[in-house]
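What follows is one structure encoded as structure tokens, with my remarks underneath.
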Number of protein chains: 2
Amino acid sequence: MPQPDSPDPARASVASPWDGVADRLRASGLRWTPQRRNLVEVLREHEGHVTATDLIARCRELDGTTTPSTVYRTLDVLENLGLVRHGHAADGREEYHVLPEHVHGHLYCVGCGTTWEIRPETGALIVDALAADLGFSVDLTHVTIAGRCEGCQE
Amino acid sequence: MPQPDSPDPARASVASPWDGVADRLRASGLRWTPQRRNLVEVLREHEGHVTATDLIARCRELDGTTTPSTVYRTLDVLENLGLVRHGHAADGREEYHVLPEHVHGHLYCVGCGTTWEIRPETGALIVDALAADLGFSVDLTHVTIAGRCEGCQE
DNA sequence: GTCGCTATTGCAACGCGTTGCGCTACGATC
DNA sequence: GATCGTAGCGCAACGCGTTGCAATAGCGAC
Ligand SMILES: [Mn+2]
Ligand SMILES: [Mn+2]
Ligand SMILES: [Zn+2]
Ligand SMILES: [Zn+2]
């Protein structure tokens with residue numbers, strides 16, 4: 001059942017953070033290219049975590065000539081706009097979080113390979129502990145902690 | 001001044017965990033090869049953290065024919081014996097901790113590139129927080145948290 | 001000291017990500 | 001719509017780490 005409470009002067013399309021990308025780029029002297037359009041197209045269809053390799057593969061479906069370096073460079077740009085955030089899985093591979101709502105770290109289970117977000121309160125605990133310890137200021141977005149999930153113990 | 005309290009039936013040489021490696025390997029059907037001898041020689045001269053790349057370079061000084069894959073494989077073996085422990089720096093490169101006294105995680109400052117150990121009590125705090133959160137059992141040895149040290153803030 | 005089993009080596013190829021460089025084409029200006 | 005400065009592109013090479021495979025060489029047994 002569609003939610004009846006949404007304000008809708010323009011019912012046709014829901015506003016998406018991706019809609020403004022082209023303008024946001026141009027506003028800072030950057031450019032809106034076919035390659036970037038493709039990547040954004042691909043990102044639109046994702047929610048949550050995706051591997052850089054997956055993104056490249058999907059882009060190559062849209063355009064067979066897609067080059068990895070271009071994708072990585074565009075991901076950097078989008079990360080500066082706050083539209084994606086990357087971390088590193090336990091094997092070191094890059095994992096992108098699309099449209100992150102809040103800064104958060106990740107847990108990675110070496111048993112089943114699943115990734116979880118660290119809840120904000122728990123994240124805050126970690127940040128505070130290390131601030132108290134050495135005055136260290138943690139970059140939570142980049143934190144991936146490896147271990148075993150409840151189901152994979154022993 | 002030499003500490004006068006050490007028990008010394010064999011004054012000549014201090015017992016080192018490295019002395020027993022050859023036998024420990026052979027005891028489990030593994031072999032003591034010139035390549036492994038070299039790596040252990042190199043590890044003897046280190047205390048604390050070393051990059052895999054550094055170790056390979058030092059090995060190559062002892063033997064110009066040293067191959068990376070062999071070094072990595074031997075490091076794996078030594079890690080199983082508990083003689084080294086590896087983690088990943090913020091850039092993903094492997095960092096080995098030689099003769100770790102206790103399990104611990106690491107902090108990496110993206111400002112100055114320095115690495116610190118997380119103190120046991122602080123580490124325990126993190127482990128407990130995540131156990132309480134999702135029943136997740138953290139592998140502290142593999143944890144490297146990026147951020148900025150006290151001197152590199154702002 | 002010799003023999004034989006198999007752990008280990010070196011090599012070559014791969015996967016992921018980064019970087020430098022010359023050429024292309026975006027898009028602001030007129 | 002044509003011009004032009006420069007952001008971004010593709011490409012080629014690099015660095016780090018891993019893996020499969022055929023050849024080598026530890027080392028335990030005799
Ligand atoms: Mn990173
Ligand atoms: Mn690792
Ligand atoms: Zn699991
Ligand atoms: Zn620092």
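Below, read A as the first sequence line, B as the second, and so on, with proteins coming before strands; counting in each chain starts at 1.
With hydrogens and angles ignored, a donor-acceptor pair under 3.5 angstrom links the side chain of A:Arg73 to the base of C:dG20. On a pure distance criterion of 3.5 Å, a polar donor-acceptor pair joins the side chain of A:Ser69 and the base of D:dC11.
Contact check for A:Ile145 versus B:Ile126: side-chain heavy atoms found under the 4.5 Å cut-off. Using a 4.5 Å heavy-atom threshold, the side chains of B:His46 and B:Tyr96 count as separate.
Among the heavy atoms of the strands lying under 4.0 Å from B:Arg31 is at least one base atom, whether or not backbone atoms are also near.
When rounded to the nearest whole Å, the span between CG of A:Leu75 and P of D:dG8 equals 14 Å. Rounded to whole angstrom, the span from the CG atom of A:Leu25 across to the P atom of D:dT6 amounts to 19 Å. Note: CD (A:Glu95) to C1' (C:dG17) measures 15 Å, nearest angstrom. In this structure, the CG atom of A:Asn80 is 11 Å from the P atom of D:dG8, given to the nearest Å. Rounded to whole angstrom, the span from the CZ atom of B:Arg24 across to the P atom of C:dA7 amounts to 19 Å. In this structure, B:His88 places its NE2 atom 14 Å from P of C:dG17, rounding to the nearest Å.
Within the 4.0 Å cut-off from OP1 or OP2 of C:dG17, not a single side-chain nitrogen or oxygen of A:Arg93 is found. Regarding contacts with the backbone of C:dT18, every side-chain N or O of A:Tyr72 stays at 4.0 angstrom or more from both OP1 and OP2. One finds a side-chain N or O of B:Thr70 lying less than 4.0 angstrom from the OP1 or OP2 phosphate oxygen of C:dG10.
Among the nucleotides D:dC27, D:dC9, D:dT18, the one closest to the side chain of B:Arg26 is D:dC27.
At a threshold of 4.0 Å, the pair A:Arg119-B:Asp133 counts as salt-bridged, since one of the basic side-chain nitrogens sits closer than that to a carboxylate oxygen.
Test B:Asp76, B:Val77, B:Leu55, B:Leu43 against B:Val84 for side-chain contact (heavy atoms from CB on, under 4.5 Å) and you get one pass: B:Leu43.
Remark: B:Asp63 CG to B:Gln35 CD distance equals 7.0 Å, nearest 0.5 Å.
Side-chain contact, B:His86 with B:Glu95: no donor N or O sits under 3.5 Å from an acceptor N or O. If you check the side chains of B:His104 and B:His97, you find a donor sitting under 3.5 Å from an acceptor.
Mapping B:Pro68 and B:Leu30 onto DNA chain D via the closest heavy atom, the residue that lands nearer the 5' end is B:Pro68.
For the segment residues 32-63 of chain B, residues with any heavy atom less than 4.0 angstrom from an atom of DNA chain D are, sorted by number, B:Trp32, B:Ala52, B:Thr53.
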